[in-house]
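Chain naming here is simple, since letters A, B, ... match the order of the sequence lines and numbering starts at 1 in each.
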Protein chains: 2
Amino acid sequence: MSKVGREGSLRGQKKQDRREKIRQAAWNLFREEGYEKTTTRAVAERAGIATGTLFLYARDKQDLLFLVMHDRLEEAVEDAFDGLPRRGPLLERWMHVFRRLFRMYSEYPALGAAFVRLLPGASGPNAERVNALTFAFLHRLAALVREAQEQGEVAPEVLPMQAASNVFSLYFGALLAWLSGMLPLELALEEHLRPALVLQIRGLRIG
Amino acid sequence: MSKVGREGSLRGQKKQDRREKIRQAAWNLFREEGYEKTTTRAVAERAGIATGTLFLYARDKQDLLFLVMHDRLEEAVEDAFDGLPRRGPLLERWMHVFRRLFRMYSEYPALGAAFVRLLPGASGPNAERVNALTFAFLHRLAALVREAQEQGEVAPEVLPMQAASNVFSLYFGALLAWLSGMLPLELALEEHLRPALVLQIRGLRIG
DNA sequence: GCAAAAATATGAACCCGCTCATTTATGGGG
DNA sequence: CCCCATAAATGAGCGGGTTCATATTTTTGC
């Protein structure tokens, strides 16, 4: 057999298995005990490896959280865009997507809060993967704007990526407000995020 | 002499002195070594107190950073609104304010980055003081919107606080992008924040 | 097959944030 | 002026994240 990059080799396979073991162990402990209370030693033990080995798979404890959250985030984003109505007002399509993401965070709000608080400026291999996901998400938001432009709903001179960037900031702000202040999910979505998006669409100008 | 609440008493005076000593020590060390590398022991030593005493004045190391940043932030906000042109386009008045804040962070960008990253959902006595500052800032932004409404520049049906909240999210997003990615100050302000604000004012609608 | 080399894994030890049982300072009442 | 109650300060110790010298496993070259 020829060398098959990383994944195919025996070494690569064991490495993948171990990463998965660690992901599971961390996920279970974070859910059961919360992020702060979970010790890296406990994660290592449940994954059946030595303490030091953990740090060959995640740069630090934060990066472990990113390892765990990456898959959940990816699934939620995929799901959100899969179930997206083909047509309809831009506002409702955005809300459909953001609702799905909020719902994901609401399953374990404390974990979500820890994750979102660490997101800005995070580094480490798994943080990079999450950043890539976020970047792709931003482009998907821009695609929605482009489609709305084709429907004549959005002015043609608006740069889709610029609009996506603004909307993402509004989404992130709402997410922080919700997960920090712990106002209930529905209120955060309908009374905070939705009016913010409405105002971004409307603008401040007269008319 | 009657008891004068907290400030007048000898006890209260010593406490204030000590808080100031700690603030100075932390500020100098954070500047010289950075937030992460500075140990709480070092701060205590330079302030001339025991390790444990530090935590009577700040709940934890994070709260120490908030203690340090509060005054700088307050000064920058005060300064920004003092120097604000009495009239002029809303966009330029916003940019005047945000430029002043960005400039404050740019004096010690690494410290600013640490601070901004810890801001969301921070707790502790000094974090509360910073949150109060942020809340007041939000209201000042809303006041600018209200003035623009009186000038007929902004539609009367727009809720000033809603607009302020959106603009704050855009500001915070730009701040995070700048301090995380370390793109230069001028670009972050003029190529990131300004277009975002322009688009918020303009909206996405046709016309 | 077998060494030498390279990649991985190990866990004791280190560092540092934070706590808490104990000591010290302050101020009011007699 | 002294005593007691209360507030404040102390620093040794603890817990947990992270490191790194050493050991083990896997791959490579022959």
Problem set entry | Sole candidate of A:F172, A:Y105, A:Y171, A:F102 that passes ring pair (Phe, Tyr, Trp, His ring centres under 6.0 Å) when paired with A:W178 | A:F102
For this session: Using atom CG of A:D63 as one end and atom C1' of D:dG17 as the other, report the distance to the nearest whole Å.
Result: 14 Å
Seminar exercise, completed: When rounded to whole Å, the CG to C1' distance for the pair A:D17 and C:dA9 reads 16 Å
Exercise. Distance-only, no hydrogens or angles: does the B:R93 side chain make a donor-acceptor pair with backbone N or O of B:P85 under 3.5 Å?
Worked result: yes
For this session: Would you verify whether the NZ or CZ of B:R18 falls within 45 degrees of the ring axis of B:Y57 while also being under 6.0 Å from that six-membered ring's centre?
Result: no
For this session: Take atom CG of B:L56 and atom P of C:dT24, then tell me their distance rounded to the nearest Å.
Result: 17 Å
For this session: Ignoring backbone atoms, establish whether B:Y57 has a side-chain N or O less than 4.0 Å from OP1 or OP2 of D:dA8.
Result: no
Exercise. Just how far, in rounded Å, is C1' of C:dT19 from CG of B:L54?
Worked result: 13 Å
For this session: Output yes when a side-chain donor or acceptor of A:H70 lies under 3.5 Å from a complementary backbone atom of A:N126, and no otherwise.
Result: no
Problem set entry | Result of checking A:L64, A:V43, A:L65 against A:T38 for side-chain contact (heavy atoms from CB on, under 4.5 Å) | A:V43
Problem set entry | Protein-nucleotide distance (A:K15, atom NZ; C:dA6, atom P), rounded to Å | 17 Å
For this session: Provide the closest heavy-atom pair for A:R23 versus A:V68 in the form atom of the first, atom of the second, distance.
Result: O-CG2, 3.8 Å
Problem set entry | Annotated protein contacts, base or backbone, on nucleotides 11-18 of chain C with a non-hydrogen cut-off under 4.0 Å, one of B, S, - each | B-B--BBB
Exercise. Rounded to whole angstroms, how far apart are CZ on A:R19 and C1' on C:dA9?
Worked result: 16 Å
Problem set entry | Interatomic distance where CD belongs to A:E45 and C1' belongs to D:dG16 [whole Å] | 14 Å
